[in-house]
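Order of appearance sets the numbers: ligands from 1, and atoms from 1 within every ligand.
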Amino acid sequence: MNRFARVTTLAAALLSASLISGTASAQLATAAQPSAAPATAPAQARKANIVIIGTGGTIAGAGASAINTAAYQSAVVPVDKIIASVPEVSKVANVKGEQIFQIGSESFNNERLLKLGKRVSELLKQPDVDGIVITHGTDTIEETAYFLNLTLKSDKPVVVVGSMRPGTALGADGALNLYDAVLVASNPASKGKGTLVVLNDEIHTGRDVTKSNTFKAETFRSQFGPLGYVVEGRSLFYRLPARPHTLQTEWDIDKIDKLPEVAVVYAYGNVNPASIDAAVKNGAKAIIYAATGNGSVGDYMVEPLKAARAKGVQIVRASRTGSGVVVRNAEQPDDKYDWIVTDDQLPQKARILMALALTQTSDPKALQQVFWKY
Ligand code: ASP
């Protein structure tokens, strides 16, 4: 056997061992190139300890029949049962389930978000916990992941995962997504990359990911592409998050007990100006105006927004288009009106960021910098 053949055989043996043990397969992913990975495998044989926190969603859903891929009841299967239904997970890591909620993710509110974040933070402080996986409904996964990405003070991997089809459906995607999420959470290469979202063979940063389709398994996208893939028991990174997260931010989940009210008002032709007044009357400290195009504001909406600002409410121009940046002082004279623009943050992400920013300042100039920074 020549030298190349011997090396190839060794690599194949390590790869197959890794697929059986699961742990080594996670180590394989630490190398940028799969072909170079086996060299790192023997040094780290310990299985990672991963806590899987169940919050509900379709990944915990069940339908009346196997053809119910989109009509089913979400949030009914306990997290321990979900884990038990994917025995491959336990080969990858030592996993422990913990049920914090059993809800559809559309029912997340500030209180539940804070409760989840604080529990994750508590677990991450335990030396025997290497990473966290959160099973979550897909509808608001992007908000929870962005919130955790901005507030957790740890570089340990935190992966939020969901599924588009319940476990009872033909083509159910939850089992593989969970397996992939545990692989990513077990992979030392996932450390320091912020809160990640894993679905449909892809690894996304919690900052950028968004749900883009109501029923397809291929629904999650990031404006600038995923960070990596999960394939055949290996998680592979190709990009890094560019914006500050977790340890690099000014927010600490342990120190936040309440989030200020931030409203999102959606713009459309014939939008009712009373929706701005309603948000103000409901106690909104800021209004994210999910405007058309590049944050354009209808002529009859300018005065209501200026009136809200005069009452001390922050006005943030965002875009309902789903991508791109909103340019300051372009569609509206933001300097003159004392308004703020999002960078590329979608309205629902802007709400999270604004709520956090308002815990520290109400200076619109400082708030504008926050949008450009995070
Ligand atoms: N409504 C569900 C939820 O977000 C949908 C899903 O999980 O895919 O909880």
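Within 4.0 Å of ligand 1, protein heavy atoms come from G57, T58, G104, S105, E106, G137, T138, D139, S163.
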Q.
Does K349 form a salt bridge (Lys or Arg N to Asp or Glu O under 4.0 Å) with D208? I'd like the steps, not just the answer.
A. CA-CA 9 Å; K349 303 236 185 202; D208 296 340; over 6 Å; no
Counting only pairs under 3.5 Å, give me each side-chain donor-acceptor contact of residues 273-290, with atom names and distances, residues two or more places apart or in other chains.
residue : atom : partner : partner atom : Å
S275    : OG   : N272    : O            : 2.6
N282    : ND2  : A278    : O            : 3.4
K285    : NZ   : G283    : O            : 3.4

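Side-chain N or O atoms of D201 include none that pairs as donor or acceptor with a backbone N or O of Y229 at under 3.5 Å.
The salt bridge (charged side-chain N to carboxylate O under 4.0 Å, His left out) test with D254 singles out one residue from K118, K125, R119, and that residue is K125.
Below 30°, between 30° and 60°, or above 60°: for Y374 and W251 the angle between ring planes is between 30° and 60°, a tilted geometry.
Between the CG atom in D338 and the CG atom in D363 there is a gap of 8.5 Å [rounded to 0.5 Å].
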